[in-house]
Amino acid sequence: MKLGTLLKDWRKTFEKARYSYEANDSRSDDALEKASSNWDEPDFNFHPIELQGLNESMLNWLRKWVDRLEQRQKQVGNDQLPGSGS
């Protein structure tokens, strides 16, 4: 699945399904029951495995970035890094 599709689904889920009443307020009980039983075409796609993978990848990237920054700080000293106030 493409990242753009995942991000689109996560955005829709976040915006429309944060609270069940936001997504279901206008539905009748029968419509809710029908939607709940329709597993082939869900209203919202959560993609939990893909989200976990994305989070882990981002954390790994961030850890490597911080490690490189710390190594650079050791090499050149804090005074010469961008944002150090000099």
Side-chain angles (χ1 to χ4, degrees):
M1 183 165 287
K2 292 185 177 185
L3 181 59
T5 301
L6 292 170
L7 292 173
K8 182 178 167 185
D9 283 349
W10 288 326
R11 179 179 181 166
K12 177 184 174 187
T13 300
F14 177 78
E15 290 178 348
K16 305 285 186 187
R18 286 178 285 194
Y19 309 106
S20 62
Y21 67 84
E22 289 182 343
N24 298 315
D25 195 32
S26 62
R27 293 184 185 186
S28 68
D29 290 341
D30 290 338
L32 280 172
E33 187 174 329
K34 184 178 179 183
S36 296
S37 64
N38 185 2
W39 287 76
D40 292 329
E41 296 180 26
D43 292 338
F44 302 102
N45 293 303
F46 292 90
H47 307 289
I49 294 171
E50 292 86 347
L51 183 57
Q52 181 180 357
L54 179 63
N55 286 337
E56 288 176 6
S57 296
M58 289 171 45
L59 282 171
N60 286 336
W61 180 87
L62 186 57
R63 283 185 189 115
K64 289 177 184 177
W65 184 83
V66 169
D67 288 345
R68 286 193 307 269
L69 181 62
E70 288 173 345
Q71 290 299 320
R72 186 168 174 217
Q73 285 175 334
K74 289 176 185 175
Q75 292 172 354
V76 299
N78 292 336
D79 293 346
Q80 298 178 17
L81 290 176
S84 64
S86 301

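All residue numbers in this chain count up from 1 along the given sequence.
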Handout entry: Close side-chain approach of Gln71 and Asp67, heavy atoms under 4.5 Å
Key = no
Exercise for the section: Any salt bridge (Lys or Arg N to Asp or Glu O under 4.0 Å) involving residues 44-54? Give me the pairs, sequence neighbours left out, ordered by first then second residue. Expected result: none
Problem - Residues clustered with Phe46, ILVMFWY side-chain links under 4.5 angstrom - result: Phe44
Exercise for the section: Using the salt bridge (Lys or Arg N to Asp or Glu O under 4.0 Å) rule, collect all pairs that involve residues 24-38, keeping only residues at least two apart or in two chains. Expected result: Arg27-Asp43
Practice task
For Leu62, look at atom CG and say whether over 12 heavy atoms of other residues, nucleotides or ligands are found less than 6.0 Å away.
Solution key: yes
Practice task
Identify the heavy atoms of Pro42 and Trp39 that sit nearest to each other, and give their distance.
Solution key: CD-O, 3.8 Å
Practice task
Could you identify which residues cluster with Met1, counting Ile, Leu, Val, Met, Phe, Trp and Tyr as linked when any side-chain heavy atoms lie under 4.5 Å apart, either directly or through a chain of such contacts?
Solution key: Leu3, Leu6, Leu7, Trp10, Leu51, Leu54, Met58
Exercise for the section: Enumerate the residue pairs fulfilling salt bridge (Lys or Arg N to Asp or Glu O under 4.0 Å) with a member in residues 52-65, sequence neighbours excluded, ordered by first and then second residue. Expected result: none
Exercise for the section: Just grab all the salt bridge (Lys or Arg N to Asp or Glu O under 4.0 Å) pairs involving residues 4-17, residues at least two apart or on different chains. Expected result: Arg11-Glu15
